[in-house]
Enquirer: 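Before I ask anything, here is the structure I am working with.
The basis for the numbers below is simple: all heavy atoms, side chains too, and nothing from hydrogens, waters or symmetry mates.
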Amino acid sequence: MSHESLPSFLAKVDLFAGLSKETLSDLIARGSTLTINPGAHATEQGSNDAGLQVVLDGSAEVSVNGVDRAPLGPGDYFGEISLIDGLPRSATVVAGPDGLTTFALSSLAFAPVVKENPEAAYALLKALAARVRLLESQG
């Protein structure tokens with residue numbers, strides 16, 4: 001992401017695609033950028049640290065109940081389910097060999113934006129529906 005601004009990068013992520021510049025700017029102002037060292041846990045299955053993270057740079061390994069899932073790279077995100085329902089994390093995410101840089105948004109920061117902007121709620125619903133369809137197609 002080094003050559004691209006955060007607003008431009010996030011506007012290309014399906015979760016934020018279609019949001020107005022004002023709404024996206026509001027989300028960015030409420031979030032933060034995190035750097036996670038190689039091999040460190042970004043989140044752990046069962047933990048209560050609800051919040052969304054979008055991968056800006058680096059990679060991450062994902063496991064659910066000890067089973068490896070597809071790795072994450074720039075533009076991928078995790079934590080969208082916990083962001084909505086506030087329940088414990090459903091996966092463990094570990095930073096890859098080059099570490100991980102993410103844009104992080106807590107559920108407390110995200111909730112007012114969704115309540116004030118139906119477009120943000122609709123974008124989230126579309127992204128979650130796409131995730132459900134993908135999971136169903138995998139078996």
Side-chain angles (χ1 to χ4, degrees):
M1 197 200 83
S2 57
H3 65 285
E4 191 173 16
S5 72
L6 184 58
S8 296
F9 183 90
L10 292 178
K12 294 177 184 174
V13 174
D14 66 349
L15 189 61
F16 302 122
L19 295 183
S20 69
K21 289 183 180 182
E22 294 79 20
T23 301
L24 191 56
S25 292
D26 189 17
L27 283 172
I28 290 169
R30 294 170 185 264
S32 60
T33 302
L34 301 177
T35 301
I36 302 154
N37 293 325
H41 285 212
T43 192
E44 195 162 337
Q45 185 173 356
S47 68
N48 290 317
D49 61 337
L52 170 74
Q53 291 188 54
V54 179
V55 178
L56 302 176
D57 197 27
S59 65
E61 301 300 321
V62 180
S63 66
V64 177
N65 297 323
V67 177
D68 290 339
R69 299 290 174 99
L72 302 176
D76 292 328
Y77 50 89
F78 57 95
E80 73 282 2
I81 296 171
S82 291
L83 183 73
I84 299 299
D85 66 14
L87 294 175
R89 297 290 189 160
S90 60
T92 295
V93 179
V94 179
D98 296 324
L100 185 64
T101 303
T102 66
F103 170 73
L105 192 61
S106 74
S107 56
L108 291 175
F110 187 69
V113 176
V114 170
K115 288 177 183 174
E116 296 165 13
N117 299 283
E119 64 179 327
Y122 185 69
L124 185 61
L125 284 171
K126 282 178 60 175
L128 290 174
R131 285 271 169 118
V132 169
R133 287 186 183 276
L134 177 66
L135 291 171
E136 287 177 342
S137 72
Q138 293 173 347

Enquirer: Would you name the heavy atoms of G99 and P38 that are closest together and state the gap between them?
Expert: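 So the two residues come closest at N-CG, 3.6 Å.
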
Enquirer: List the atom of A60, the atom of L100, and the distance in Å for their closest heavy-atom pair.
Expert: CB-CD2, 3.9 Å

Enquirer: Grab the two heavy atoms, one from L56 and one from P74, that are nearest each other, plus how far apart they are.
Expert: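 Scanning both residues completely, I find the closest heavy atoms to be O-CB, 3.8 Å.
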
Enquirer: For N65, enumerate each residue passing the side chain to side chain donor-acceptor pair (under 3.5 Å) test, keeping only those at least two apart in sequence or located in another chain.
Expert: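 Applying side chain to side chain donor-acceptor pair (under 3.5 Å) to N65 gives Q45.
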
Enquirer: According to side chain to side chain donor-acceptor pair (under 3.5 Å), who are the partners of K12, at least two apart in sequence or on a separate chain?
Expert: E4

Enquirer: Could you measure the distance from the CZ atom of R89 to the OG atom of S47? Nearest 0.5 Å is fine.
Expert: 6.0 Å

Enquirer: Between R30 (side chain) and F110 (backbone), is there a donor-acceptor pair under 3.5 Å?
Expert: no

Enquirer: Which residues satisfy the side chain to side chain donor-acceptor pair (under 3.5 Å) test with D76, sequence neighbours excluded?
Expert: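 Applying side chain to side chain donor-acceptor pair (under 3.5 Å) to D76 gives none.
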
Enquirer: Considering non-hydrogen atoms only, spot the tightest contact between I36 and A42 and give its length.
Expert: CD1-CB, 3.6 Å

Enquirer: Would you say that Y77 contacts V13 through its side chain, given a criterion of any heavy-atom pair below 4.5 Å between the two side chains?
Expert: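 Y77 reaches V13 side chain to side chain.
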
Enquirer: Grouping I, L, V, M, F, W and Y whenever their side-chain heavy atoms are under 4.5 Å apart, do V54 and L83 come out in a common cluster?
Expert: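 Linked within one cluster.
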
Enquirer: With rounding to the nearest 0.5 Å, note down the distance linking CD1 in I28 to CG in L105.
Expert: 10.0 Å

Enquirer: With sequence neighbours left out, which residue pairs that include part of residues 105-118 fulfil the side-chain hydrogen bond (donor to acceptor under 3.5 Å, both in side chains) condition?
Expert: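 Listed once each, the pairs are T23-N117.
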
Enquirer: So which atom in L24 and which in P7 form the shortest heavy-atom distance, rounded to 0.1 Å?
Expert: CD2-O, 3.4 Å

Enquirer: Is there a path from V55 to F16 through hydrophobic residues (I, L, V, M, F, W, Y) whose side chains come within less than 4.5 Å of each other?
Expert: no

Enquirer: Under 3.5 Å, is there a donor-acceptor pair between the side chain of T43 and the main chain of T92?
Expert: no

Enquirer: Restricting to pairs with a member in residues 31-42, which pass salt bridge (Lys or Arg N to Asp or Glu O under 4.0 Å), not counting sequence neighbours?
Expert: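 For residues 31-42: none.
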
Enquirer: Look at the side-chain heavy atoms of Ile, Leu, Val, Met, Phe, Trp and Tyr, link any pair under 4.5 Å apart, and say whether V62 and L52 land in one connected group.
Expert: no

Enquirer: Rounded to the nearest 0.5 Å, how far does CD of E80 lie from CG of D85?
Expert: 10.0 Å

Enquirer: For F103 and L27, work out which heavy atoms get closest and say how close.
Expert: CZ-O, 3.6 Å

Enquirer: Quick check: is L72 connected to L6 through a chain of hydrophobic side chains (ILVMFWY, heavy atoms under 4.5 Å apart)?
Expert: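 No, because L6 and L72 fall into different hydrophobic clusters, even though each may have its own neighbours under 4.5 Å.
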
Enquirer: Hey, any chance V113 and F9 share a hydrophobic cluster, counting ILVMFWY side chains that come within less than 4.5 Å of each other, even indirectly?
Expert: yes

Enquirer: Using side chain to side chain donor-acceptor pair (under 3.5 Å) as the criterion, list what pairs up with T102, not counting sequence neighbours.
Expert: Q53

